[in-house]
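Here's the structure we're looking at; comments come further down.
Nothing here was measured: the structure is a model prediction, and the numbers come from that model.
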Amino acid sequence: MTYAAPLADIRFTLREIAGQADIAALPGYENATDDMIDAVLEEAGKLSGNALAPLNRTGDQQGSRLENGVVRTPEGFVGVYRQFIDGGWNSLPFDPEFGGQGMPWLLATAVQEMWQSANMGFGLVLLLNQGAIDAIHHHGSPEQKATYLPKMIEGAWTGTMNLTEPQAGSDLAQLRSRAVPQGDHYLITGQKIFITYGEHDLAENIVHLVLARTPDAPPGVRGISLFIVPKLLPNADGSPGKRNDVRCVSIEHKLGIHASPTCVMSFGDDGGAIGWRIGEEGRGLSYMFTMMNNARLAVGVQGLAIAERAYQQAVAYARSRVQSKDDTRPDPKPVAIVRHADIRRMLMTMRSQIEAMRGLGYYTAAAIDCALKHPDTDARRKAQDRVDLLIPIVKAWFTDLGNEIASLGVQVHGGMGFIEETGAAQHLRDARILPIYEGTNGIQARDLVGRKVAKDGGETMSSLTAEMRALATALEVVAGDDTAVLADAVAKAADALDDATAWVAQTGKADIGAALAGSVPFLRLAGTALGGWLLAKGALVAHRRLASREGDPAFNEAKIVTARFYAEVILPPALAQLGPLKSAGRTVFALAEEQF
């Protein structure tokens, strides 16, 4: 159950794929020097490997428990959270005005990968707090920012997202929680479910962001407002005061992420929880989407993170497990299973898709930094358009792959993978929630097709495929079999993605049901194609480094081999989804409803 942060590949991806130097040159990021970033990555790797990872199995076995209204986290969590806060890790990407370090989201995303790989059950409290900070920073009043952001950025207080209710699920139009005005605040009543870290013993206060309806609000999502409802009401000096009328009434018993308390929260059992509205009445859902988009990127990174953890464990097992002879050699002695062809195929499948995810995830984080900081208005708008397009792809494609790669990790272990004591099964159990929360992956595909592509008719996607073709051209002029294979694969991926995007955009106008029926294959195709593009981009850099004798030759060779494996093994089946994508749109509604 050990974990070592893959610092070499993280650094390569930051610099060569995501454009770390360009991000550091943006106004406000002057302190993000190469030396500073390297130091942050090094220390984050130590903390994740030495402090967080050893608690991963403990957290899974013990779980969080509810005792007399208080949730107790597993052994060691309180201490490591204090270590985390004392190190200033919570403040990395946030506004220095409120105690943040003002570092790029690109760096914060790389560090977040390490936390989630090392211990996803623990990392969830950091993920939710990060999103709550982002929402208050963008939409809160000056007074709300001054009261809550310093404590939340420090990590002394943590934040939650309270959307789901028993009768509503993902259909937020059905929310029933109420917010009745009373003087300068509101009284909140209602029940919320699936609230991650809704109650815990890590921080001195918990700040709930709650969606609720005011008395005269219209039905549907237009009647939803957003409220700050702290567990402990802040005193005039900012310290936590008396207990608010909000409590955890139970925690869920789950397939995985046992360390993370998933709470049923009750607001207003004794008359009403005191809360303060964020922004305008009726705009709560749009405000909450700031937090949700932040969380969706982070959940995508969790898919990458759990895949990396499963891969590391699978490689270690394959190197140590001795079984059967090597079919490529005459020696009859048993060898480590890493010598066997199918084990290598599985490990290469895992590694190539992990590196493709890392490239696209960091690329998206860099686009967020451009959208926030670029001095040119048009450049900021174009960057935000890319972020909007890529977020559902990152969330859904990464988390689907997280499950598939964790499952491959179990397969590499053979029968021992099905036995809990090896730890491989925990990764698979933990990964299973990722395609579900923060909007199921079907909802992400619906968003991609029904909103993002429909918004501009596929123009933003076309700008990405244009960059893919430019890379294919650059690869074509470099001599060698590897670059020729990559050039052809990237060009074909661009063609397939353009074709699919055009079909989705056109079909969506005439028959939205048909377009949505093909939305999941479309998202899968988009993620796989874009991931292959960025792997090929890295391979071109590695090829040039080898030619100039720069860097570690073994690392550079591995980047080329991995990109070629992806191009020849992973890409073709994904690009072949274009036909089924269109067929699904024609046939999925052809059967009578009673067939289901």
Side-chain angles (χ1 to χ4, degrees), residues 9 12-13 16-19 341 344-363 386 389-390 393 397 401 404 458 460-504 518 521-548 553 555-583:
D9 198 63
F12 181 88
T13 307
E16 307 300 344
I17 305 300
R344 289 191 170 201
R345 177 195 64 81
M346 288 190 284
L347 293 177
M348 281 298 296
T349 298
M350 297 167 82
R351 185 173 79 184
S352 65
Q353 292 182 116
I354 287 167
E355 292 185 14
M357 284 191 281
R358 186 172 289 124
L360 188 57
Y362 290 12
Y363 180 91
R386 286 199 173 185
L389 179 76
L390 292 173
I393 298 173
W397 183 54
L401 285 183
E404 293 170 21
T460 301
M461 187 73 85
S462 294
S463 71
L464 287 169
T465 55
E467 291 190 24
M468 294 171 69
R469 289 195 174 85
L471 177 67
T473 300
L475 286 162
E476 285 173 355
V477 300
V478 179
D481 291 343
D482 294 324
T483 50
V485 168
L486 293 174
D488 182 63
V490 172
K492 288 179 177 175
D495 289 343
L497 189 48
D498 267 341
D499 191 356
T501 303
W503 182 86
V504 163
F522 173 68
L523 187 150
R524 180 86 180 204
L525 187 159
T528 311
L530 293 170
W533 160 51
L534 294 174
L535 275 183
K537 181 180 179 180
L540 180 58
V541 172
H543 187 279
R544 290 169 177 166
R545 285 186 173 186
L546 283 171
S548 62
F555 178 87
N556 290 327
E557 286 280 7
K559 296 303 291 185
I560 295 170
V561 170
T562 302
R564 180 162 182 171
F565 177 90
Y566 188 97
E568 294 186 310
V569 177
I570 305 299
L571 260 180
L575 302 186
Q577 285 292 303
L578 191 57
L581 182 160
K582 297 177 180 179
S583 296

Between Gly359 and Thr13 the two heavy atoms that sit nearest each other are CA-CG2, 3.7 Å
**Message:** Run the side chain to side chain contact (heavy atoms under 4.5 Å, CB included) test on Ile17 and Val541 for me, step by step, so that the C-alpha distance in whole Å, both residues' side-chain angles and the decisive distance to 0.1 Å come before the verdict.
**Reply:** CA-CA 9 Å; Ile17 305 300; Val541 172; over 6 Å; no
Sequence neighbours excluded, the answer for ring-ring contact (aromatic ring centres under 6.0 Å, His included) partners of Tyr363 is Trp533
Review point. So, do His543 and Asn556 sit near enough that their side-chain heavy atoms are less than 4.5 Å apart?
Key: no
Would Asp499 and Lys582 count as a side chain to side chain contact (heavy atoms under 4.5 Å, CB included) here? Give the steps. CA-CA 11 Å; Asp499 191 356; Lys582 297 177 180 179; 3.4 Å; yes
For Leu540 and Val478, the nearest pair of non-hydrogen atoms, with its separation, is CD1-CG2, 3.9 Å
Contacts satisfying side chain to side chain donor-acceptor pair (under 3.5 Å) that involve residues 522-532 (not counting sequence neighbours) are Trp397-Thr528, Glu404-Arg524
When rounded to the nearest 0.5 Å, the distance separating CD1 of Ile570 from CE of Met348 is 9.0 Å
Looking only at heavy atoms, the pair that brings Ala494 and Met468 closest together is N-CE, 3.6 Å
Residues passing the side-chain hydrogen bond (donor to acceptor under 3.5 Å, both in side chains) test with Asp498, sequence neighbours excluded, are Thr465, Arg469
- Message: Just so I know, are the side chains of Leu464 and Leu389 near enough to count as touching, which here means a heavy-atom distance under 4.5 Å?
- Response: yes
Note: Ala496 and Leu575 closest approach over all heavy atoms is CB-CD2, 3.9 Å
So CZ of Arg358 and CG of Leu535: to nearest 0.5 Å the spacing works out to 10.5 Å
Heavy-atom closest pair (Ala567 atom, Pro572 atom, distance to 0.1 Å) is O-CD, 3.3 Å
CG (Leu534) and CD (Glu467) are apart, to the nearest 0.5 Å, by 9.0 Å
Distance col, row Leu497:CG vs Met461:CE, nearest 0.5 angstrom, shows 4.5 Å
Is there a donor-acceptor pair closer than 3.5 Å between any side-chain N or O of Glu16 and the backbone N or O of Phe12? no
Residues 561-573 vs side chain to side chain donor-acceptor pair (under 3.5 Å), sequence neighbours excluded, gives Arg351-Thr562, Asp482-Arg564, Arg564-Glu568
Item to complete: For the pair Leu390 and Leu530, evaluate side chain to side chain contact (heavy atoms under 4.5 Å, CB included) and give the outcome as yes or no after the intermediate values.
Response: CA-CA 10 Å; Leu390 292 173; Leu530 293 170; 3.8 Å; yes
d(Arg545 CZ, Ile560 CD1) to nearest 0.5 Å is 11.0 Å
Heavy-atom closest pair (Ala529 atom, Leu571 atom, distance to 0.1 Å) is CA-CD2, 3.9 Å
side-chain contact (heavy atoms from CB on, under 4.5 Å) filter on Ala487, not counting sequence neighbours, yields Leu475, Glu476
Sorted by chain and residue number, the side-chain hydrogen bond (donor to acceptor under 3.5 Å, both in side chains) partners of Ser463 (sequence neighbours excluded) come out as Arg386
**Asked** Do any N or O atoms from the side chain of Lys559 and from the backbone of Ala539 form a donor-acceptor pair under 3.5 angstrom?
**Response** no
